Number of protein chains: 2
Amino acid sequence: MDRRTELLNCAENVARRHGYDGFSYADLAKEVGIRKASIHYHFPSKADLAVALIERYASTHAEALAVIDETSELASDRLAAYVQGYRKALSGGAKICLCAAFSVSRDSLTDEALRELDAFRGNSLNWLEKTFQLANKDGSVSHSAEPAEEAAALLATVEGAQLVARAANKVSDFDQATKLFLSRLP
Amino acid sequence: MDRRTELLNCAENVARRHGYDGFSYADLAKEVGIRKASIHYHFPSKADLAVALIERYASTHAEALAVIDETSELASDRLAAYVQGYRKALSGGAKICLCAAFSVSRDSLTDEALRELDAFRGNSLNWLEKTFQLANKDGSVSHSAEPAEEAAALLATVEGAQLVARAANKVSDFDQATKLFLSRLP
DNA sequence: CCGAGTATACCTACTAGTAGGTAGTTGTCA
DNA sequence: TGACAACTACCTACTAGTAGGTATACTCGG
């Protein structure tokens with residue numbers, strides 16, 4: 001693995017645990033095993049790192065959604081996989097979605113980072129809306145309502161479920177919070 | 001208003017905007033108009049401030065829930081008021097719930113602060129569960145399911161809705177995310 | 001004159017970021 | 001093929017500024 005990727009992995013990990021204002025170049029340097037100054041070679045400023053982090057996160061996320069679409073036919077299966085993805089990302093209650101972690105530190109981010117964050121959220125909502133439209137056709141989700149509303153509600157629910165589970169450091173809180181939605185699936 | 005209260009107000013405001021790791025005694029000092037060192041007279045350490053902040057937040061929240069119970073009879077009216085409370089707390093997309101803001105910085109908090117945070121969340125869930133039990137009796141919430149599941153789901157939804165709205169700095173994103181739930185009320 | 005509250009003046013540890021330099025690799029051209 | 005230039009990836013040593021926190025001195029109302 002090249003150093004840049006290693007740094008991104010490390011930064012994503014620690015950012016999702018402590019938030020944007022909760023990690024420093026010194027933390028990364030210690031973890032990766034190079035000097036703090038050397039990180040500036042790969043990411044001149046922390047703002048550059050933040051942008052790279054969100055960009056990579058967004059593309060990984062988009063790929064994951066594409067894989068779900070390839071793997072599952074039914075809207076219900078796709079949505080179950082979506083929720084399961086957020087559950088797995090929790091890492092036992094230790095990490096939350098990068099998007100959630102960065103949203104709290106919104107005012108520390110540059111405009112570019114905020115744009116990337118916005119794009120990420122937009123893509124998620126588009127996929128969800130598309131999937132709830134499918135649900136209205138294939139009937140796999142019980143009493144499915146307006147796709148755009150369902151999409152926004154589910155995004156909020158999984159992000160909130162992660163936050164609550166992170167607060168308690170317990171995955172079971174995520175499960176409890178998502179149970180109601182999952183009970184609408186067959 | 002006494003200085004301690006003034007400091008708590010200021011700290012709550014900035015903590016809900018930037019998170020626990022996103023504000024400093026220097027910020028508070030500047031805002032309140034006393035020197036940084038003088039804040040240590042009121043709150044010897046930042047950990048003490050954090051605990052005081054959560055304690056006050058929890059009791060204010062509990063009072064607000066009691067007022068809702070006094071004001072409204074129907075479960076649906078109570079839940080609508082609950083969601084509206086979180087909407088108002090958003091302050092136009094600038095702030096989130098203190099509990100959400102602190103959850104991200106979980107590892108920076110002391111055990112005492114974490115216990116207080118846990119208690120706060122517990123009280124919220126209790127009230128919601130109790131209210132969903134009422135809903136099952138008075139029938140004011142359509143297809144109401146298991147109260148504990150409904151409670152966890154709604155808490156996650158409003159917290160997630162705040163987070164999403166904060167990311168975009170738009171209250172309308174909160175409204176969109178809570179629309180689905182509110183449509184179950186008369 | 002006591003003490004609550006604030007101030008000055010400091011501390012150590014850490015923040016992001018910069019300056020200047022150095023091995024080792026890679027590309028290019030006579 | 002050898003020589004020289006350029007580049008990559010790191011280093012040590014530093015900057016200015018901020019973090020939370022402390023010791024001690026002042027001030028002013030009861």
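Chain A is the first sequence line, chain B the second, and so forth, proteins listed ahead of strands; every chain is numbered from 1. These figures come from a predicted structure and were not determined experimentally.
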For B:R115, give me all partners under salt bridge (charged side-chain N to carboxylate O under 4.0 Å, His left out), at least two apart in sequence or on another chain. none

With sequence neighbours left out, which residue pairs that include part of residues 144-172 of chain B fulfil the side-chain hydrogen bond (donor to acceptor under 3.5 Å, both in side chains) condition? A:D107-B:R166, A:T157-B:T157, B:N136-B:S144, B:E150-B:R184

In sequence, state the C-alpha distance, the side-chain angles, and the governing distance for A:E31 and A:V14, and then conclude on side chain to side chain contact (heavy atoms under 4.5 Å, CB included). CA-CA 10 Å; A:E31 188 88 13; A:V14 68; over 6 Å; no

Partner residues of B:K179 under the side-chain hydrogen bond (donor to acceptor under 3.5 Å, both in side chains) criterion, sequence neighbours left out: none

Could you list where the contact with chain B starts and ends along DNA chain D, reading 5' to 3', using a 4.0 Å heavy-atom cut-off? D:dA19 to D:dT22

Would you say CD of B:E73 has more than 12 non-hydrogen atoms from neighbouring residues, nucleotides or ligands within 6.0 angstrom? no

What residues 18-29 of chain A contributes to the DNA chain C interface at heavy-atom separation below 4.0 Å is A:F23, A:S24, A:Y25, A:A26

Quickly work out the B:Y41 OH to C:dT8 P distance and round it to whole Å. 18 Å

Residues A:S124 and A:H61: side-chain donor-acceptor under 3.5 angstrom: yes

A:D48: salt bridge (charged side-chain N to carboxylate O under 4.0 Å, His left out) partners, not counting sequence neighbours: none

Could I get the full list of ring pair (Phe, Tyr, Trp, His ring centres under 6.0 Å) partners for B:Y82, not counting sequence neighbours? B:Y86, B:W127

Under the ring pair (Phe, Tyr, Trp, His ring centres under 6.0 Å) test, which residues partner A:F23, sequence neighbours left out? none

Counting only heavy atoms and a strict 4.0 angstrom limit, can you tell me which residues of residues 32-39 of chain A come near DNA chain C? A:K36, A:A37

Quick one, which residues of residues 98-115 of chain A touch DNA chain C with a heavy atom under 4.0 Å? none

Within 45 degrees of the axis of the six-membered ring of A:Y25 and under 6.0 Å from its centre: does A:K30 put its NZ or CZ there? no

Measure from CD on B:E6 to C1' on C:dG5 and round the result to the nearest Å. 13 Å

Kindly write out the residues that satisfy salt bridge (charged side-chain N to carboxylate O under 4.0 Å, His left out) with A:K130, not counting sequence neighbours, or none if the list is empty. A:D69

Going by atom type alone, with no hydrogens or angles, which donor-acceptor pairs under 3.5 Å involve a side-chain atom of residues 91-104 of chain B and a protein atom two or more places apart or on another chain?
| from | atom 1 | to | atom 2 | distance (Å) |
| --- | --- | --- | --- | --- |
| B:S91 | OG | B:A89 | O | 3.4 |
| B:K95 | NZ | B:N13 | OD1 | 3.0 |
| B:S103 | OG | B:C99 | O | 2.6 |

Taking CG in B:D111 as the centre, count heavy atoms belonging to other residues, nucleotides or ligands within less than 6.0 Å. Is the count above 12? no

